[in-house]
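Notes follow once the structure below has been shown.
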Amino acid sequence: MLDFLAENNLCGQAILRIVSCGNAIIAELLRLSEFIPAVFRLKDRADQQKYGDIIFDFSYFKGPELWESKLDAKPELQDLDEEFRENNIEIVTRFYLAFQSVHKYIVDLNRYLDDLNEGVYIQQTLETVLLNEDGKQLLCEALYLYGVMLLVIDQKIEGEVRERMLVSYYRYSAARSSADSNMDDICKLLRSTGYSSQPGAKRPSNYPESYFQRVPINESFISMVIGRLRSDDIYNQVSAYPLPEHRSTALANQAAMLYVILYFEPSILHTHQAKMREIVDKYFPDNWVISIYMGITVNLVDAWEPYKAAKTALNNTLDLSNVREQASRYATVSERVHAQVQQFLKEGYLREEMVLDNIPKLLNCLRDCNVAIRWLMLHTADSACDPNNKRLRQIKDQILTDSRYNPRILFQLLLDTAQFEFILKEMFKQMLSEKQTKWEHYKKEGSERMTELADVFSGVKPLTRVEKNENLQAWFREISKQILSLNYDDSTAAGRKTVQLIQALEEVQEFHQLESNLQVCQFLADTRKFLHQMIRTINIKEEVLITMQIVGDLSFAWQLIDSFTSIMQESIRVNPSMVTKLRATFLKLASALDLPLLRINQANSPDLLSVSQYYSGELVSYVRKVLQIIPESMFTSLLKIIKLQTHDIIEVPTRLDKDKLRDYAQLGPRYEVAKLTHAISIFTEGILMMKTTLVGIIKVDPKQLLEDGIRKELVKRVAFALHRGLIFNPRAKPSELMPKLKELGATMDGFHRSFEYIQDYVNIYGLKIWQEEVSRIINYNVEQECNNFLRTKVGQMQILRQQIANELNYSCRFDSKHLAAALENLNKALLADIEAHYQDPSLPYPKEDNTLLYEITAYLEAAGIHNPLNKIYITTKRLPYFPIVNFLFLIAQLPKLQYNKNLGMVCRKPTDPVDWPPLVLGLLTLLKQFHSRYTEQFLALIGQFICSTVEQCTSQKIPEIPADVVGALLFLEDYVRYTKLPRRVAEAHVPNFIFDEFRTVL
């Protein structure tokens, strides 16, 4: 039968694509949940008062016209609404697309099930797909992932927030006018459930089953999937966990799937006591806190409280004696295995021979470690225990007491287990890569030993003192041939034959009394040793690595690990070399990425990169968070150095009298500085011991990590110093300005000197970092101040840019005239070369990888030798009606303006906020971003408007130029003046006599 996942199996590929898409959607939902604009929550009163009239929940749909008319009645609300749209449309659209993909997912799954039932896939039905191992897994995963999506959305994006986002998208996008939009269906699926993830919040009735039933799904499909999950080990995990006490861990992923899918058929949870008893006995006999997807934990005691059959079935597990027994058992196991792991990790203990001889023992130890870590981490987690639930609190207290729980000991066990696992995996990978080479080497050595022994019994070899024995000579030659004939590819037969050869060599030594000759005995012993090594080597199988990968799964701790951050940081502070063990822990955590990426990879989905980047990025952010303690600790020491260098240590002059040498020596403070510097260098050494590590798909370079951490901490400390130093009391009688600035100057100088001092001890470019980060702080704060005074309008920004450029150019010509002259000449020369190249392409032109143009631009802008009006700021697409839209916009503004001889164009009414220069410059800049033909078309339209209007006026008895024409002519004049174009550009569209005439009229 055709492989279910084969590329030409349409049935398999269709469900694989659906499941792959499901994992990608969950990653996108998790990613977006961190970027919910706070304004949509309307938490504080300020947001409610400001945005309450423009952000709506689904009540908007009861009468959209009413709400929109309220907005139209207030111009200030319209402005706020427009500003809100500009600021949020991008993120709102992204949320909508994620919500739409959830709806599309379940529609696609339902269509797939219909296709199966209707016989679209030849020889495939729902029953046959569920009989296939891959098909069974994918169908179960497809339904499970849909359930996870719904739970993730409700946990991470509150119902009210979802509704407000969907309404905002509907109002701000073209969705309302689109005929094929499925907005209604998406709103029905994702309307608020009333659920809140806040601790202590009351659970809505019939939740989440009513939520799961919003889109109907084939009932027989749900029933058959639950049946498979109840009865089968669909992932064949039990083989990796042979011990019966590990069975619930072996089936943990399947248990999580079953937990989610049962909400699609809640009658089982409510009334089917026999089924629930069977499920609990198989999956939850010794555990009740589970991880359902990438560390999202659920406590069944709380989750199954409303369901009679489920609650009754779980009571046996939650019996006080069983809770005590499990907690005590895992306490004992963790103590025992921790001692074992520490023994294994002793230097020189894990040798190749020892590992090969003890594979089952080592794997059992790994299983016990991981099972104990999983149980203790899940069942003691704060996130799985609602403090307001008395029963949960009692159970947790019981566990903490009976397991003698100590988070530091558990963390140490996790660290040691991760290190043990890492070493074992690396050893096995190396042994697997060298397996055939070593086997062939041992075979050759063993065969040669037998050949040499045959030569010894030939009697012709001098100095051996061994009598000739033709039988033994022939026998050893035969053994040599037999060893050479062993075939690596047929490992079973080779292994059996090798054992027989070892027995034969032991027997020949006994029966032929060969013990008397030490040389012969040594040869026989060596050959037996080589044959033993061949057996060991042939037993190195990839299955061991796969078992280690399955057993070492840490995806359940994807979120729980954060509760150990403070312990990790304290450990690093005390012992910076701890980073090497943490590296193994981070790599163990990175293996959790296999879970969401497996199906995406199998489907060759383009989502692989984005999903990998999301989870890898999350993990790298966590690594940075943990290791940030190193720069923090360094800066704590640095502050002491700053204090000593600023207040205690006197700067040594260039010339010094001998009798004052003791005063300047200051041995005590200098010793303290040396001691602190040593502490800083030790921290640096600690992080650099981590080595370059691939976390998911992101390479983590410890040197870069250290530099980024130092930059972050420097910004934090300097920004705080500036903030604290630049707060003034306006009522203070003597001005605080100068004293505060002097104090701040001393603080900054201390930072600067100390940073310069320690740069060599931590192997970074300290002054470069200092200059870059301090510049960044200043620039950021200047930008924030500008934003307070400006709403980003193109024309106003351009006027500011021109003013700044003029000021910079003026200062540059005075303060650095040689630099100004050199830049101007270089700029002219470059432009001349580029123009020459376009006239004759054989002449040179800077290549794409040449940064000259980019770098010279930065210098020219810094010196003010540029025209902001001629600059292209954005790349644009072709917009066919763009000139007409701009022309109509200009014509619409002209009636609001009038000409004043002293002031130029001004507003007719104070209520019309139209400013003439920004209007002209804004349109100029906007058109500059597009092809020059758009400007031509725009000017042609204005010319046509002027000519046609003037023609109508001349037919009147007393001809008079209308105000709109005056405005349009002034616009053309200003346009030509600002762009420094010749007047003939405008005269190409408007006859010059009209320009002359209108000036005389004015």
Side-chain angles (χ1 to χ4, degrees), residues 75 79 82 789-806 867-870 882-929 934-954 956 958-1002:
D79 287 348
E82 182 56 30
F789 295 104
L790 273 180
R791 276 185 66 184
T792 309
K793 291 186 178 176
V794 175
Q796 289 174 337
M797 293 299 283
Q798 290 296 71
I799 291 169
L800 266 177
R801 286 191 182 106
Q802 278 195 303
Q803 298 292 341
I804 291 166
N806 287 338
N867 185 353
L869 301 181
N870 290 338
F882 190 69
I884 298 173
V885 171
N886 281 280
F887 166 69
L888 292 172
F889 169 73
L890 175 63
I891 297 303
Q893 302 308 311
L894 290 177
K896 300 176 185 175
L897 298 151
Q898 64 183 17
Y899 181 73
N900 180 297
K901 284 186 179 180
N902 298 320
L903 301 172
M905 292 292 279
V906 293
C907 295
R908 282 182 188 275
K909 298 177 191 172
T911 51
D912 288 333
V914 181
D915 199 357
W916 181 250
L919 176 67
V920 178
L921 290 177
L923 282 167
L924 185 157
T925 305
L926 200 57
L927 287 159
K928 190 73 182 172
Q929 310 310 302
Y934 282 13
T935 305
E936 282 291 317
Q937 291 169 15
F938 174 69
L939 295 175
L941 287 164
I942 295 175
Q944 197 177 339
F945 166 73
I946 292 168
C947 292
S948 61
T949 313
V950 167
E951 192 179 335
Q952 286 177 358
C953 296
T954 52
Q956 296 170 4
I958 306 169
E960 187 183 334
I961 299 178
D964 288 1
V965 173
V966 172
L969 286 162
L970 281 168
F971 179 86
L972 283 177
E973 275 200 341
D974 286 351
Y975 192 95
V976 167
R977 180 164 59 87
Y978 283 127
T979 51
K980 296 180 180 171
L981 291 168
R983 183 168 164 172
R984 66 173 178 272
V985 173
E987 288 174 353
H989 305 291
V990 180
N992 58 0
F993 74 84
I994 294 180
F995 274 111
D996 298 338
E997 181 67 24
F998 112 93
R999 271 291 166 198
T1000 59
V1001 172
L1002 292 177

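Along the sequence shown, residues are numbered consecutively beginning with 1. Only a predicted model underlies this, so the values are computations on that prediction, with no experimental measurement involved.
Applying the side-chain hydrogen bond (donor to acceptor under 3.5 Å, both in side chains) rule to Glu987 yields the partners Arg983; only residues at least two apart in sequence or on another chain are considered. Applying the side-chain hydrogen bond (donor to acceptor under 3.5 Å, both in side chains) criterion to Gln898, with sequence neighbours excluded, gives no partner residue.
At a threshold of 4.5 Å between non-hydrogen side-chain atoms, the residues Gln796 and Ile799 do not count as touching. Considering only heavy atoms from C-beta on, Asn867 comes within 4.5 Å of Gln802 through its side chain. Within the 4.5 Å cutoff, side-chain heavy atoms of Tyr975 are placed close to those of Leu927. Contact check for Ile891 versus Leu894: side-chain heavy atoms found under the 4.5 Å cut-off. Looking at heavy atoms from C-beta onward, Leu921 lies in side-chain contact with Leu869 at the 4.5 angstrom threshold.
In this structure, the side chain of Asn900 engages the main chain of Leu903 through a donor-acceptor pair within 3.5 Å.
Between Gln944 atom CD and Thr949 atom OG1 the span is 10.0 Å, to the nearest 0.5 Å. With values rounded to the nearest 0.5 angstrom, Leu923 atom CG is found 8.0 Å from Ile942 atom CD1. Expressed to the nearest 0.5 Å, how far CG of Leu924 lies from CG of Asn886 amounts to 11.0 Å. To the nearest 0.5 Å, atoms CZ (Phe971) and CG (Leu939) are separated by 7.5 Å. Going from atom CG of Leu969 over to atom OH of Tyr899 covers 12.0 Å, rounded to the nearest 0.5 Å.
The two residues Gln937 and Pro883 make their nearest non-hydrogen contact at OE1-CG, 3.2 Å. The two residues Val976 and Thr979 make their nearest non-hydrogen contact at O-OG1, 3.3 Å.
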side-chain contact (heavy atoms from CB on, under 4.5 Å) between Leu972 and Ile946: does it pass, once the steps are laid out? CA-CA 11 Å; Leu972 283 177; Ile946 292 168; 3.7 Å; yes

Leu919/Leu890 under side-chain contact (heavy atoms from CB on, under 4.5 Å): CA gap, chis, key distance, verdict: CA-CA 9 Å; Leu919 176 67; Leu890 175 63; 4.2 Å; yes

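Each side chain to side chain donor-acceptor pair (under 3.5 Å) pair with one or both residues in residues 916-929, not counting sequence neighbours, appears once here: Gln798-Thr925, Trp916-Asp974.
Between Phe887 and Phe945, the angle of the ring planes goes over 60°, which puts this pair in the perpendicular group of the 30/60° scheme.
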